[in-house]
Structures are given as C-alpha cells and as structure tokens.
Amino acid sequence: MAWYDEAIFYHIYPLGLLNAPRENPYGEVVHRLRELKPWVDHIRDIGCNALYIGPLFESVGHGYETTDYKKLDSRLGDNADLADFVALCHEKGIRVILDGVFNHTGRDFFAFKDLKEHRESSRYRDWYCNVNFGWNNEYNDGFSYENWGGYNLLVKLNQRNPEVKDYICDVIRFWVDEFDIDGLRLDAADVLDFDFMKALRGLAETVKPEFWLMGEVIHGDYTRWVNEGTLHSVTNYVMHKALYSGHNDHNYFEIAHTQKRLGDMGGNGTGGFKLYNFVDNHDVERIYTKLNNKAHFTPVHILLYTLPGIPSIYYGSEFAIEGKKEKQSDASLRPAIDLENYKDAVTANPATKLIAALGKIRSETPALSYGDYRELVLTTRQYAFSRNHDGQSVLITVNNDDSEYTFTLPAGGAAEYVGALSHERVSVNGGNIQVRIQPNSGEIWLPANGSEDISEEKITEIPVVGSGDDDRNQEPASGQEQEVTKDSVSEQVQEKVPATVQEDNNNRSESGSYEDGVIAGLQEAILARMEKNGFVTDQMRRDVMENTHHDSLINWIKSF
C-alpha cells in the first residue's frame, strides 16, 4: 500500500489562480506563490491529502512552453518559494506532484535557441524531432520541425535521443533534491515515447520511495501506459465523460458500462491499477457549467468519491463555480480566486460542505480505496454498487431522477447500516436493506458497527446543490460569468454546433448505447485539442462530429 492508493487530490493551475500575467515579461521576480499558503489549510479542510500543481517552471505564457526546467516561473516567485511551499504541504500531510512537460519545449528553451543560431552545426539539432532545413515556418526560422498538435510554439523533443533522456532524468532528480516532490503528472503522455516512459519509471524507483508517475491520456487501452514498466496511473477521461453525460442524458448505463470496461482492462479494481478520476480540470469546462440539472452536482460527486480510482477536485469547483470555454482561450477555466471570498464555504456553501464530507468519508473508509466493485442495481436513473474490503461491504446509491426512489440491496453481513452523509440508520431484514433516496441525490451506506464515529459533525440532511440561485451564497470567482442556466447552455451549444449535427447528436443521445458514448467522448476530446490550438470553425466541428468511426477518431487524437 503506497500513499497514492489512499490519495484524494486537489488540482491547482497556479498561473491562473494567482492571476499572473498571461505573457511572461522575464522581468523582476514576483512572489505570488507565497499567496498559496492559506490554501494548504483549505485543501486539508475539504479532505484532500495530495496536491497536483502545475505548470510551475519558467515559460512564455500558459506554462506548457517551457523556457527553463530548473527555475520557478518568475511570475510565481523563485525556487526558495517553491521549496517552502512543498515543505508546508508536507507539514500538513499533503503530498505534492508537479507537471512534467517533457514532450515539448518552448522556443526560448536553450537548446532551441542554439538550434536557431547555429542551424546545421548546432549540437542540439538532434534534440528535436524532424528538423528540416529545407523548409520554413511562420516564425521564419529557415527550417521546420515537428511540434505538438500543429502548434509551432511547442517544439517536440526527440525522446529517443540519449542526451535528451539523460537531461530530463537530471531535471527530475533536481526537482526531488531541490523541492522534495512526491511525483509527476506527465503532460501529453499519450504521445510520449514508451521507451522514454520506461526510463522515467526506472528513475522513479530510485529517486524517492513511492515516487508516483501519472500521465495525461485521453482515450485508448489504458494498460498500454499503466503497467509495471511504465506509469502508475493515467487520467480517466472516459469516466470523466461518462459522469457528466450519464447525468445529462439520464443514462446510468453509460457510467456502469464504462466502469465495467475499465474493470475488464484490469484497472480500478482490487490488485489492479487505479486511474486518476476527475469531473473537470484546467482543459475542460467546469462540472457545474456542464450539468443541465445543477442538482446533479451531488450524485456526480458521490460517484467521483466512491467509484474505483483516485478522486481529484479542481480548484474552485468545490465552490460550484462556473467555467466555460471561450473562443481561442481557456482563461475562464483557470480563474483567479480570492480565498477570502470563500472563508466560510465549508459551513455555508452546500457544494463545499458536500465535498468536505465526502473527503472525510473517503479517508475513513478503506473499502473506498481498496475494495472491489460489484454492480447491484442499474436503471437509466438509479444506480447502486458495493465496494467490498476486509469483510466490510459499503453500499453506494445514486438517483438522477426528480422523484425519490427506494432501493432494495443485499447487505454484507451487518445487522444495521448507517448513511455516511445523513446518518440515517436502517436495519437489515432478510439479508437486505431498503433505503429511500431523495431526488437528484445519493448516499454511502456503511455497516453500523464502528461507523457511528465516522464524522465529528453529522450532516442531518444531504447538501442540496443547485436548487436555487442563492444556494452557493458566495461571490463569483474573478473573471467568471453569471450563472449559466440550462436554457442558456442549450443556446450556447446550438450556436457552436450546426443544426444537422445537433439533430444527429440528439438522436444518438436518446439511444443511450455505450458505443455511442465512447464515440461522443472521442469527438469531444478531438475538439478540445483543436480548441487549444486556435479558433475552431463550424466546418471543422462538423468534420469531427460527422466522423463516427472509432479507429479513425483514435488515429485523429494520436495525430496531435
């Protein structure tokens, strides 16, 4: 059992949260990272014990076009600031992983600058992929090169070059020695060279006990990346898609079938690998924005914390803030937030109260970290499963319907069960329990023996999120728009997607098949990648949405 087996992550995009300039002036150091110190207690207060933060190192703009791997971005502070911050996190019991952006560098990176200056005679010409001095580019370099996603600002490193491999390994050793980090999230892992990742896994075994490697992977057979020789985990984008669309479409079959597929891979189960689960991050729209029915915030997060895998909360989403992609910019997904505006959120904000309760329940219930998964009840609108570990059977029930629902569930040998959120107690009769779940809600049922002390403060009523405009009772985050209603979301979608494509999607959504869900998830992933690189026209969207061939979509994603 390693620390990451019981991790509950908090995810911070620091350049956005700390309101750093979008372009790096490479000027005087500004110690913004010190402003994150109050957030450490907040992270603990909502039950998280691990932090994924990044990108952090000197870059041109958004952080993923690295200029210097060994220097904290001057917009955030200096290396001493980062070392102090990690030390504070460790003092509070929080592990820290950083973004490892090793697929590409920025154009201001020393090796690329040398290539521009010395061209064919540069000793770094083989540090990059497919450098061609017979071509040119929009920067008028007098040569071309392979990039990430068609974006020449991100110059693709040749990870098969032993010098590059050694340099990156030296960077990681430096980060461990200088900052005492606990692991890495590998950016764009779905296009990293597999031998390169094997070298990183070998290094991970030596730099620090239980040093964790998690990769950004969109779709595909996750076992290609997660195994004994490469990475410990990857981002679970297929479950991310299922969690919100399974609620928007009232289709719990999509979520259950996604979990079955992951289980068939050998993942997210007892003895198998554990995927990094999330409902939003710095690249996708906020869950509160994506949900047609805001009340589904509650069952979505109950599932996030109870399905197999490692849960993660993206900063601000515990307050149920909005975040919608805008043309050519992810800025609204990465807002500046003043924590003072949310100082009473754990008690006053229903969303934050729910997240904090789920964090505490998860940390005090080993079955949610180590238990197997058994499906118990499945309809389009109701879903129940158990997590079983060390003789304890934990039962999870969710309901996405506007009416209450009564579940009859097999008990795991206990005489009585208690709701971990509501503390409602139910007796076992004939080997079963009957539990009534309110509309758009859910519950985690624990064997009563020993569960009475699971929480110092009992929640007598499960927090209801999204039932009214004033539910959250908090100031909006900096740069956030006013609340997006179900109707306005629909209008925005209609504006972006041509009517013929909308009609096709609606028909497919109603069919509710798992295969259609996978295709829709692949299409969404491709559009997200395209939007990172610039404005996406209606014709470009139509080309993506009209492609319903699985293998073709997979190859399209791999092309970025």
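The analysis underlying the following values was restricted to heavy atoms, covering all of them including side chains, and did not include hydrogens, waters or symmetry mates.
- A donor-acceptor contact closer than 3.5 angstrom links the side chains of Arg75 and Ser59.
- Contact check for Ile321 versus Pro335: side-chain heavy atoms found under the 4.5 Å cut-off.
- Listed by chain and residue number, Phe112 satisfy the ring pair (Phe, Tyr, Trp, His ring centres under 6.0 Å) test with Tyr128 (two or more places apart in sequence, or in another chain).
- Inspection of the Asn103 and Gln159 side chains reveals an N or O donor paired with an N or O acceptor under 3.5 Å.
- With hydrogens and angles left out, the side-chain atoms of Ser122 and Asp114 include a donor and acceptor closer than 3.5 Å.
- His42 has its ring centre less than 6.0 Å from the ring centre of Phe319.
- The minimum heavy-atom distance linking Ala189 with Gly215 is given by the pair CB-CA, 3.6 Å.
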Trace of the side chain to side chain contact (heavy atoms under 4.5 Å, CB included) decision for Ile53 with Leu36: CA-CA 11 Å; Ile53 181 171; Leu36 280 185; 3.7 Å; yes
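- In this structure, His282 and His11 have perpendicular ring planes: the angle between them is above 60°, well past the 30° mark.
- Between the side chain of His232 and the backbone N or O of Leu213, at least one donor-acceptor pair lies under 3.5 Å.
- Atom NZ of Lys113 has 12 or fewer heavy atoms from other residues, nucleotides or ligands within 6.0 Å.
- For CD of Glu138, the number of neighbouring non-hydrogen atoms (other residues, nucleotides, ligands) closer than 6.0 Å is greater than 12.
- No side-chain heavy atom of Trp39 sits less than 4.5 Å from a side-chain heavy atom of Cys89.
- Side-chain polar atoms of Asn24 and Glu58 form a donor-acceptor pair below 3.5 angstrom.
- Note: Trp148 and His104 have tilted aromatic rings, judged against thresholds of 30 and 60 degrees for the angle between ring planes.
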Yes or no on salt bridge (charged side-chain N to carboxylate O under 4.0 Å, His left out) for Arg185 and Glu216, after CA distance, side-chain angles and deciding distance? CA-CA 7 Å; Arg185 176 263 195 188; Glu216 180 196 23; 3.5 Å; yes
Run Asp280 and Lys290 through salt bridge (charged side-chain N to carboxylate O under 4.0 Å, His left out) and show every step you take. CA-CA 9 Å; Asp280 48 21; Lys290 286 188 290 195; over 6 Å; no
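- Within the 3.5 Å criterion, the main-chain N or O of Ala2 finds a donor-acceptor partner in the side chain of Asp5.
- Considering only heavy atoms from C-beta on, Asp99 comes within 4.5 Å of Tyr52 through its side chain.
- Note: Trp127 and Phe110 have perpendicular aromatic rings, judged against thresholds of 30 and 60 degrees for the angle between ring planes.
- In this structure a side-chain-to-backbone donor-acceptor pair under 3.5 Å is present from Lys325 to Asp283.
- Cation-pi geometry between Arg334 and Tyr13 is satisfied (NZ or CZ under 6.0 Å from the ring centre, within 45° of the ring normal).
- Counting all heavy atoms, side chain and backbone alike, Asn236 lies closest to Leu262 at ND2-CD1, 3.5 Å.
- Within 6.0 Å of NZ on Lys116 lie more than 12 heavy atoms contributed by other residues, nucleotides or ligands.
- Considering every non-hydrogen atom in both Ser312 and Tyr276, the closest pair reads OG-OH, 2.7 Å.
- For Thr230 and Asn227, the side-chain atoms include at least one donor-acceptor pair closer than 3.5 Å.
- Taking the side chain as every heavy atom from C-beta outward, Leu82 and Phe57 approach each other to under 4.5 Å.
- Rounding to the nearest 0.5 angstrom, the gap separating the CZ atom in Arg286 from the OH atom in Tyr244 is 15.5 Å.
- Residues Val176 and Ile181 meet the side-chain proximity criterion, which asks for heavy atoms closer than 4.5 Å.
- Distance check, rounded to the nearest 0.5 Å: CZ of Arg107 to CG of Leu154 gives 11.0 Å.
- Contact check on Lys70 versus Asp170 returns a salt bridge, with a Lys/Arg side-chain nitrogen under 4.0 Å from an Asp/Glu carboxylate oxygen.
- In this structure, the separation between CD on Glu146 and CG on Asn152 is 11.0 Å, given to the nearest 0.5 Å.
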Applying side chain to side chain contact (heavy atoms under 4.5 Å, CB included), run through Ser144 and Asn136 and close with a yes or a no. CA-CA 5 Å; Ser144 63; Asn136 204 351; over 6 Å; no
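- The closest side-chain heavy-atom distance from Glu228 to Arg201 is below 4.5 Å.
- Panel note: side chain Ser329, backbone Glu326; no donor-acceptor pair is recorded below 3.5 Å.
- Taking the six-membered ring where the residue is Trp, Tyr145 and Phe143 present tilted rings, their angle falling between 30° and 60°.
- Leu184 contributes atom CG, which lies 5.5 Å from atom CZ of Phe102 (distance to the nearest 0.5 angstrom).
- Asp264 CG to Thr223 OG1: the interatomic distance, rounded to the nearest 0.5 Å, is 11.5 Å.
- Aromatic ring centres of Phe179 and Phe85: separated by at least 6.0 Å.
- Under the 30°/60° scheme for interplanar angles, the aromatic rings of Tyr237 and Phe278 are found to stand perpendicular.
- Here the side chains of Asn158 and Val131 are not in contact, with every heavy-atom distance at 4.5 Å or above.
- A heavy-atom distance below 4.5 Å is not found between the side chains of Ile337 and Leu339.
- Aromatic pair Tyr305/His301: ring centres not closer than 6.0 Å.
- Arg119 CZ: more than 12 foreign heavy atoms inside a 6.0 Å radius.
- Side-chain polar atoms of Tyr4 and Asp182 form no donor-acceptor pair below 3.5 angstrom.
- Inspection of the Lys71 and Asn79 side chains reveals no N or O donor paired with an N or O acceptor under 3.5 Å.
- One N or O on the side chain of Glu210 and one on the backbone of Trp3 form a donor-acceptor pair closer than 3.5 Å.
- The two residues Leu56 and Pro14 have their closest heavy-atom pair at CD2-CG, 3.7 Å.
- Here the CG-CD distance, from Leu243 to Gln259, works out to 10.0 Å after rounding to the nearest 0.5 Å.
- Between the side chain of Ser74 and the backbone N or O of Tyr26 there is no donor-acceptor pair closer than 3.5 Å.
- Side-chain N or O atoms of Asn281 include one that pairs as donor or acceptor with a backbone N or O of Val284 at under 3.5 Å.
- Within a 6.0 Å radius of CD in Glu205, more than 12 heavy atoms belonging to other residues, nucleotides or ligands are found.
- Using a distance-only test at 3.5 Å, with no hydrogens or angles considered, a donor-acceptor pair links the side chain of Arg125 to the main chain of Glu120.
- Counting heavy-atom neighbours within 6.0 Å of Lys260 NZ, excluding the residue itself, gives a total of 12 or less.
- Note on ring orientation: taking the six-membered ring where Trp is involved, the planes of His257 and Phe253 are perpendicular (angle over 60°, cut-offs 30° and 60°).
- Remark: side-chain polar atoms of Asp108 are not paired, donor with acceptor, to backbone N or O of Thr67 under 3.5 angstrom.
- Asn49 places a side-chain N or O within donor-acceptor distance of the main-chain N or O of Ile8, the cut-off being under 3.5 Å.
- The two residues Asn19 and Ala336 make their nearest non-hydrogen contact at CB-CB, 3.6 Å.
- Across every non-hydrogen atom of Trp212 and Ile310, the tightest pair is CZ2-CD1, 3.8 Å.
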